[in-house]
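Note that the structure is a prediction, hence the values are computed from the model and not measured.
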Amino acid sequence: MEEEFFFESNEDAQRSVERYEEMLRNQDQYFFDAGAFEYIVDFYIEKNDPVKALQVIDFAISQHPYATVFLIKQAHLYILTNNHEKAFIALQKAELLEPSEPDIYLLRGNIFQNTERYDEALENYEKALGLAESTDEILLQMAYVYQSMSDYENAITYIKLSLEQNMENQDGLYELAFCYDVLDKQEESIKFYQQYIDTDPYSYAAWYNLGNSFHKLNLFEKAIDAYDYAILIKEDFSSAYFNKGNALVQLDKYDEAIDVYKQTFEYEQPNADTYCAIGECYEKLEKMDEARSYYKKSVKMDPKMADAWFGIGVTLNFEERYFESLHFYKKAIDLEAENSDFWFAMADAYYKLGQIDESIDAYEKVLEFNPLDIEAWLDFSTVLYEQGKLLEASETMAEAIKNNPEAAELYYRMVAYLFALGSYGDALGYLETALTTDPDKHYILFEYLPQLQDNSAILNVINRYIR
């Protein structure tokens with residue numbers, strides 16, 4: 001019987017729409033009952049034609065002035081078309097007719113939320129909450145308001161309340177993950193998802209978010225297990241495959257990661273991110289032809305994929321094709337001008353090509369964008385030192401130490417530069433600091449200037465720290 005009922009309803013709906021359009025063509029006035037008008041309005045809403053839907057509502061209201069449903073639909077459409085003033089008027093009329101209708105306060109809350117009047121939004125949602133039978137969506141809306149107010153603790157409270165009402169709500173599970181992420185409370189997140197899974201072990205979204213929380217705590221094995229459960233429940237869950245691939249990369253399991261990334265193509269169209277991730281795995285396996293081919297697929301699909309342009313440069317650099325690599329590094333930098341890794345690779349390529357001035361300029365960019373890159377400070381100062389710019393090398397090292405006061409390598413390198421400059425007293429002072437910071441790394445000094453192994457002043461200081 002039920003199927004027959006739906007079939008008749010659809011036919012009735014279609015007939016109502018045809019009668020309505022006939023009325024417009026004849027410039028006439030037909031009468032429709034409220035149910036027929038609802039069908040017609042929904043028909044135009046589904047066709048994404050709010051203008052026609054609003055016209056129908058005007059007719060409906062003229063024939064059924066006391067039916068609040070049309071005022072509520074009218075308000076909803078005005079909100080969609082950003083006409084908040086008219087939406088407020090429609091809701092006001094609806095409230096006079098039927099003050100206990102929760103949708104009135106829900107929609108009013110939406111307007112206040114959209115216009116960043118958060119306290120008034122919450123006030124209206126509270127009213128809706130007291131009137132509605134099903135409240136999970138209202139609670140979720142309140143959580144979104146708290147998110148907009150950067151009050152993530154309250155957002156979490158309301159998302160959890162929403163999930164208690166409706167455990168199937170995937171949006172709630174993802175929003176919760178986002179809030180825990182912002183608050184950097186991965187342990188709490190893990191605890192929540194584990195408890196949730198105890199209640200609903202077949203929630204693929206819960207397993208997936210649990211995997212993401214483990215991933216953020218660098219617990220990659222556990223993350224992979226959780227992603228596997230998500231995939232077991234929802235075989236076509238491409239995001240879970242992709243994140244599982246990322247976790248395998250973190251464990252240096254590049255061959256496995258490639259297989260998992262490729263599995264995503266069975267369930268969704270290939271995309272630039274996945275092609276780029278596969279390229280990086282091949283690069284790590286030093287299979288540069290395969291890496292380059294996937295990086296090229298990535299940029300073909302999305303020419304703004306800076307990492308893939310950079311990846312092509314890296315593969316060429318590996319093959320000592322430095323001049324060619326520069327072209328691709330530049331393309332990456334055009335897209336991400338402040339990426340210090342891109343500038344570092346560029347600086348190195350220029351250096352290998354003997355273009356020292358360009359290399360120095362590029363190193364300056366690296367350190368401008370990432371003054372915490374110890375390797376870059378060391379390499380940059382080496383370039384200066386090799387050019388005979390001893391004073392500049394030592395000044396660069398002083399700047400490096402200012403930015404990275406805990407890095408023993410920098411102090412040891414400073415000792416070498418000060419010895420080369422003949423500033424022995426200062427050099428020994430820096431050596432004391434280096435040995436205090438990390439005595440085990442003193443070999444760095446001799447690697448850089450082997451002749452210092454015969455220097456008794458240095459050996460005396462070192463012997464005081466090394467037993």
> How far does CD1 of I159 sit from OH of Y174, to the nearest 0.5 angstrom?
Replying inline: 14.0 Å
>> Can you tell whether the side chains of D289 and R292 come within less than 4.0 Å, N to carboxylate O?
In response: yes
> If you take all heavy atoms of P371 and W377, which pair is closest and at what distance?
Replying inline: O-NE1, 2.7 Å
> Of the non-hydrogen atoms in F419 and A427, which two are nearest, and what is the gap between them?
Replying inline: CD1-CB, 3.3 Å
> Could you walk me through whether D252 and Y254 pass the side chain to side chain donor-acceptor pair (under 3.5 Å) check?
Replying inline: CA-CA 6 Å; D252 299 338; Y254 301 114; 3.0 Å; yes
> Which is it for E235 and Y267 under the side chain to side chain donor-acceptor pair (under 3.5 Å) test, yes or no, and what are the steps along the way?
Replying inline: CA-CA 9 Å; E235 195 193 351; Y267 306 110; 3.1 Å; yes
> Side chains of Y350 and I360: closer than 4.5 Å at any heavy-atom pair?
Replying inline: no
> Are the charged groups of D236 and K234 less than 4.0 angstrom apart, N to O?
Replying inline: yes
>> Using a 3.5 Å distance criterion without hydrogens, assess whether the side chain of S340 forms a donor-acceptor pair with backbone atoms of V366.
In response: no
> Quick one: do K352 and D348 make a salt bridge, cutoff under 4.0 Å?
Replying inline: yes
>> Looking at M397, is its backbone amide N or carbonyl O close enough to the side chain of R413 to form a donor-acceptor pair, meaning the two atoms are under 3.5 Å apart?
In response: no
> Given Y430 and Y412, is the side-chain contact (heavy atoms from CB on, under 4.5 Å) satisfied, shown in steps?
Replying inline: CA-CA 7 Å; Y430 273 99; Y412 285 114; over 6 Å; no
> Is a side-chain N or O of W309 found less than 3.5 angstrom from the main chain of K304, in a donor-acceptor match?
Replying inline: no
>> Looking at every heavy atom in both P405 and Y411, which two are closest together, and how far apart are they?
In response: O-OH, 2.8 Å
>> A side-chain contact here means heavy atoms from C-beta on lying under 4.5 Å apart; do E126 and M142 qualify?
In response: yes
> Looking at F265 versus Y241, is the centre-to-centre ring distance below 6.0 Å?
Replying inline: no
>> Working note: F344 + E375, criterion side-chain contact (heavy atoms from CB on, under 4.5 Å); need CA distance, chi angles, decisive distance, verdict.
In response: CA-CA 10 Å; F344 200 165; E375 282 307 308; 4.1 Å; yes
>> A cation-pi test, strictly: NZ or CZ of K297 under 6.0 Å from the centre of the six-membered ring of Y294 and no more than 45 degrees from its axis. Yes or no?
In response: yes
> Do the side chains of E175 and Y144 get nearer than 4.5 Å, heavy atoms only?
Replying inline: yes
> Taking side chain as C-beta onward, heavy atoms only, is F310 less than 4.5 Å from Y295?
Replying inline: no
> What is the minimum heavy-atom distance between G172 and L140, and which atoms define it?
Replying inline: CA-CD1, 3.9 Å
>> Taking K287 first and then E290, would you say they form a salt bridge - that is, a charged N and a carboxylate O separated by under 4.0 Å?
In response: no
> Parallel under 30°, tilted from 30 to 60°, perpendicular over 60°: which one fits the rings of H442 and F446?
Replying inline: perpendicular
> Is there a side-chain contact between N404 and E409, using heavy atoms and a 4.5 Å cut-off?
Replying inline: no
> Between K185 and E153, is there a side-chain N and carboxylate O pair less than 4.0 Å apart?
Replying inline: yes
>> Between Q141 and V145, does the side-chain contact (heavy atoms from CB on, under 4.5 Å) criterion hold? Intermediate values first, please.
In response: CA-CA 6 Å; Q141 283 303 324; V145 176; 5.7 Å; no
> Heavy-atom distance under 4.5 Å between the side chains of D259 and L248, does that happen here?
Replying inline: no
>> Please determine whether the number of non-hydrogen atoms from other residues, nucleotides or ligands lying under 6.0 Å from atom CD of E447 exceeds 12.
In response: yes
> Is any side-chain heavy atom of R108 closer than 4.5 Å to a side-chain heavy atom of I104?
Replying inline: yes
> Side chains of D440 and Y465: do they bring a donor and an acceptor to under 3.5 Å?
Replying inline: no
>> Within this structure, what is the OG1-CD distance for the pair T115 and E120, rounded to the nearest 0.5 Å?
In response: 7.5 Å
>> Parallel, tilted or perpendicular, judged at 30° and 60°: which one describes the rings of Y448 and Y385?
In response: tilted
>> Quick check: Y261 with F242 (ring centres under 6.0 Å apart)?
In response: yes
> Nearest 0.5 Å, what's the OG-CG distance between S189 and L176?
Replying inline: 6.5 Å
> Given Q355 and Y322, is the side chain to side chain donor-acceptor pair (under 3.5 Å) satisfied, shown in steps?
Replying inline: CA-CA 11 Å; Q355 298 182 26; Y322 307 123; over 6 Å; no
> Pick from Y193, F237, W207, F214: which one makes a ring pair (Phe, Tyr, Trp, His ring centres under 6.0 Å) with Y229?
Replying inline: W207
>> So which atom in A393 and which in S381 form the shortest heavy-atom distance, rounded to 0.1 Å?
In response: CB-O, 3.7 Å
>> Just verifying a value: how many Å separate C179 SG and Y146 OH, rounded to the nearest 0.5 Å?
In response: 13.0 Å
>> Tell me the closest heavy-atom pair linking V299 and M305, and the distance in Å.
In response: CG1-O, 3.9 Å
> Quick one: does N317's side chain get under 4.5 Å of Y329's, heavy atoms only?
Replying inline: yes
> If you measure from CD1 on I111 to CG on L106, what distance do you get to the nearest 0.5 Å?
Replying inline: 10.5 Å
>> Whether E188 and K191 form a salt bridge (side-chain N of Lys/Arg under 4.0 Å from carboxylate O of Asp/Glu) is what I want to check.
In response: no
>> The criterion is side chain to side chain donor-acceptor pair (under 3.5 Å); which residues satisfy it with S203, sequence neighbours excluded?
In response: none
>> Measuring from atom CG of L173 to atom OH of Y204, what distance do you get when rounded to the nearest 0.5 angstrom?
In response: 9.5 Å
